[in-house]
Amino acid sequence: MGTGTENILLDITGLSKHFGGLRALDEVDISCRQGETLGIIGPNGAGKTTVFNVVTGFSRPTSGDIRFGGSKITQKTAAQICRLGISRTFQGVRLFREMTVWENVWLGQNCQAKYLNPLFWSRGVNEAALRADVEALLNEFQIFAKKDAKARELSFGDMRRLEICRALATKPKLLLLDEPASGLTPVETTRLIDDLRKLSDAGLTIILIEHDMHVALGLSDRIVVLNFGQLLAQGTPTEVRHNPAVIEAYLGKSAEAVNA
Amino acid sequence: MAYWYTVISLMCINTILAWSVYSSFMTGTVSLGQAGFFAIGAFASASLTAIYGWHIVPATMMGAVAAAIVGLAIAIPTLRLKGLYLTIATVAFVEVIRVVFHNIKYGRDGEFAIDASSADARQMPWIGPDGPLGFRHIIYLTEHHITPGEYAMWLVLLVIAFGVYFWVLERSRLGFAMRAVEEDEIAAQGVGLSHNFLKVFAFAIGAAIAGVAGSLYAHLLTFITGDDFNIPLTVMMLAYVVIGGGQTFWGPILGALIFTLLPEIARETKEFRLELFGIAMLATMVFRQHGLITRDMVRRAETRIKTAFTGRNTIGPDEPGAPAPNPTKK
């Protein structure tokens, strides 16, 4: 892999993150091309979520370089990175729980709307069009009917979909999903896979962390395997499934089950 | 009648103070420092009108600006602190300000004698803060023949103006962004909101509002000392918001009204007033954790008013969980 350097959207080189003596990430190189779906897998504590936190600016890397669309984003704040076009969801769903579904998605658009305008209303921004966008997104994810319900009243599956909706409302170029299928019923998981595939077909670049191998291997064009903060392997789902190091470190005896 | 005008003026000032706490409350910052900003506004504007002969309006504005500048200076370093730690830092700030105004002296001799029959220079009052004796003779209102009734009317208009500010703010993207920071700082950053900017902004606006209230208070009472702006006062301001309800700007109004009127009405109960206050506080904490006025109440009332105006019953299809009125098919 690693061909076509000119259309690389996210380029992580030599990334390390140390928490005291713990090396959560140790000299990791990951690159993600425009339009592809990249899966990150690895056992618990492998540093998957740390990659997301560092890329989205929630924690500072100890060393290393992150380039997004050619420009360095290593020192930017989380809010700035979001406005540059990287949006994420969280491992435990983080919603504005006391606000309605509609308001959650509407808030996601603050990247586009000039929300800090001292006149309290964005001039030069078509609010009506933004409202229409919110409704389109809610329809797409089939939660329009619940638009006036509070976020905390939703079922867990709806919360997950709402969080993705909110992330999409920021109009991202790159969407980072942290275990989007965890805690979902099989039916909801199938629906999630369909929704994500639709997004991917529409040209969105997605990086997802996933424990559910059907989701990870089924959706991803390419897989990166992390173990103890280091890059263990990368390649197409088929390559990764047959990589002996991966089978030993992560898939273990269940490899046959996944292969089947 | 003048007594009731003064009560109305105090209600207005307390409402404005409650909103000054509410402003930073919107971003989830609990400030116990409002008494400090209140003091800065009071001393700054009273100095300008009494010593330098300014008009009350620009003097009030300068009081607000001074409080906002100090607010920024406090907010930027302390916002690294979270929750209670920030609150404690603001408490310390109130003590610092109180001690400063307890000790400073500046100003000039007055041109009038306290006792008109005596031309003795020693009878001339000191105009300006005079250490522990306080800042006396802030006589702008009497000098300009503004009656208590007129002053109360101006204060009511000012309260309406601030009310409009908060009404617009709560419906704007900026207001929702503040609420988002209050609910979940990390998720707010995740959707591109600069949480630190929002918190500092809300805190500075709150400080400026407290400064305005300080100016109005100083001119109403004509006499202020540093010791007026103490910790019980600052706790009282927070109580207006907590008991009235911190989810909408209506709550602080109710809190301020109750706690200004209650001591006046219950004057006969004398020293039992404080016990009554404590009981009221406990009852709210037990029975209404979000305060007397909650956001849901306001929403329901708004829907009802809207229905009354349009004559349509919009409650049905908009009910959560009900099917969308126009299911879109692609």
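Labels below follow one simple rule: chain letters A, B, ... track the order of the sequence lines, proteins then strands, and each chain is numbered from 1. Nothing here was measured: the structure is a model prediction, and the numbers come from that model.
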Original post:
Are A:K150 and B:D296 close enough that some pair of their side-chain heavy atoms sits under 4.5 Å apart?
Top reply: yes
**OP:** Could you walk me through whether A:F96 and B:V191 pass side chain to side chain contact (heavy atoms under 4.5 Å, CB included), step by step?
**Re:** CA-CA 11 Å; A:F96 303 123; B:V191 293; 4.2 Å; yes
**OP:** Verify the neighbour count for atom CG of B:L157: are there more than 12 heavy atoms of other residues, nucleotides or ligands below 6.0 Å?
**Re:** yes
Subject >> Shortest non-hydrogen contact from B:I186 toward A:F90 >> reply: CG2-CE2, 3.5 Å
Original post:
Most heavy-atom pairs under 4.5 angstrom with chain B, which of A:A169, A:G108, A:A79?
Top reply: A:A79
Original post:
Could you give the distance from OG1 (A:T77) to NE2 (B:H195), rounded to the nearest 0.5 Å?
Top reply: 8.5 Å
Original post:
What distance separates A:L130 CG from B:R173 CZ, expressed to the nearest 0.5 Å?
Top reply: 5.5 Å
Subject >> CZ on A:R94 to CD on B:Q189, rounded to 0.5 Å >> reply: 9.5 Å
**OP:** Heavy atoms only, distances under 4.5 angstrom: which of A:L107, A:I86, A:L95 has the most pairs with chain B? Name it, please.
**Re:** A:L107
Subject >> From CE (A:M99) to CZ (B:R179), nearest 0.5 Å >> reply: 7.5 Å
Original post:
Is it true that atom CH2 of A:W102 has more than 12 heavy atoms of other residues, nucleotides or ligands lying nearer than 6.0 Å?
Top reply: yes
Subject >> Which of A:R88, A:Q109, A:E135 touches chain B most, by non-hydrogen pairs under 4.5 Å >> reply: A:Q109
Subject >> Enclosure of A:F156 CZ (heavy-atom neighbours >12, cutoff 6.0 Å) >> reply: yes
**OP:** Report yes if the side chains of B:R299 and A:D148 come closer than 4.5 Å at any heavy-atom pair, otherwise no.
**Re:** no
Original post:
Is B:E183 reaching over with its side chain to a backbone N or O of A:E98, donor-acceptor style, under 3.5 angstrom?
Top reply: yes
**OP:** Check whether A:T89 gets within reach of chain B through its side chain, its backbone, both or neither, counting any heavy atom under 4.5 Å.
**Re:** neither
Original post:
Is A:E103 salt-bridged to B:R295, cutoff N-O under 4.0 Å?
Top reply: no
Subject >> Shortest non-hydrogen contact from B:G190 toward A:S87 >> reply: O-OG, 4.4 Å
